[in-house]
Amino acid sequence: MRVPFNRVASRTAVDSARSTLAALTVSVGTAGLAAAAARPGLLALVDQHAAAVRDSLDGDRRPLTVAALAGYAEGVRAAAVEHGWVPPSGPVDWSEPEWPLTRLVAVCALARALDRT
């Protein structure tokens, strides 16, 4: 069976997606997921956001991919910045994280889950 060329992610595209997710994990994911592990309320919020991301990407019907997660994260970040959000440049107060930040941490959680499978 042949797969149409536009349905196969090139090695470069996959590497680029992994790089995007790695940078996101370094910038907010590691600290956000550590904070969520220590704060049950934040963990529940991240889980809710992760479910919403999965739903947005139709994750119940088709497997999530690094490319889909990276594209989603870039879209969230771009839209948030367009609407005035400024990504954190220092330590984050995880007691009340902003919506875009929580959403991006949720993407990191989903990416981490992909790495485990």
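Numbers here simply count residues along the sequence, with the first being 1.
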Item to check | Sequence neighbours excluded, every pair satisfying ring-ring contact (aromatic ring centres under 6.0 Å, His included) that has a member inside residues 16-48 | outcome: none
Next on the checklist: Listing request: all ring-ring contact (aromatic ring centres under 6.0 Å, His included) pairs with a residue in residues 72-104, at least two apart in sequence or in separate chains.
Outcome noted: H49-W99
Checklist entry - Got a salt bridge between R18 and D15, using NZ or NE/NH1/NH2 to carboxylate O under 4.0 Å? => result no
Checklist entry - Can you name the one residue among L69, L64, L104 that meets side-chain contact (heavy atoms from CB on, under 4.5 Å) with V53? => result L69
Where [X] and [Y] come nearest, the two heavy atoms and their spacing:
| X | Y | value |
| --- | --- | --- |
| V28 | P88 | CG1-CG, 4.3 Å |
| C108 | G29 | SG-CA, 3.6 Å |
| A50 | A106 | N-CB, 3.5 Å |
| A36 | L42 | N-CD2, 3.6 Å |

Checklist entry - Under 4.5 Å between any side-chain heavy atoms of R77 and L24, yes or no? => result yes
Checklist entry - Under a 4.5 Å cut-off applied to non-hydrogen side-chain atoms, are V76 and V107 in contact? => result no
Checklist entry - Could you give the distance from CG (L45) to CZ (R39), rounded to the nearest 0.5 Å? => result 12.0 Å
Checklist entry - So how far is it from D47 CG to R54 CZ, rounded to the nearest 0.5 Å? => result 8.5 Å
Checklist entry - Please, which pairs that meet side-chain hydrogen bond (donor to acceptor under 3.5 Å, both in side chains) have at least one residue in residues 20-35, sequence neighbours excluded? => result T20-E74
Next on the checklist: Check for me, please, whether L33 and V92 land in the same ILVMFWY cluster - side-chain distances under 4.5 Å, paths through other members count.
Outcome noted: yes
Checklist entry - In the single-linkage hydrophobic clustering (I, L, V, M, F, W, Y; side-chain heavy atoms under 4.5 Å), do L114 and L110 co-cluster? => result yes
Item to check | Heavy-atom donor-acceptor pair, S16 side chain to T12 backbone, under 3.5 Å | outcome: no
Item to check | With sequence neighbours excluded, residues passing side chain to side chain donor-acceptor pair (under 3.5 Å) with S89 | outcome: none
Item to check | Partners meeting side chain to side chain contact (heavy atoms under 4.5 Å, CB included) with T65 (sequence neighbours left out) | outcome: A67, A68
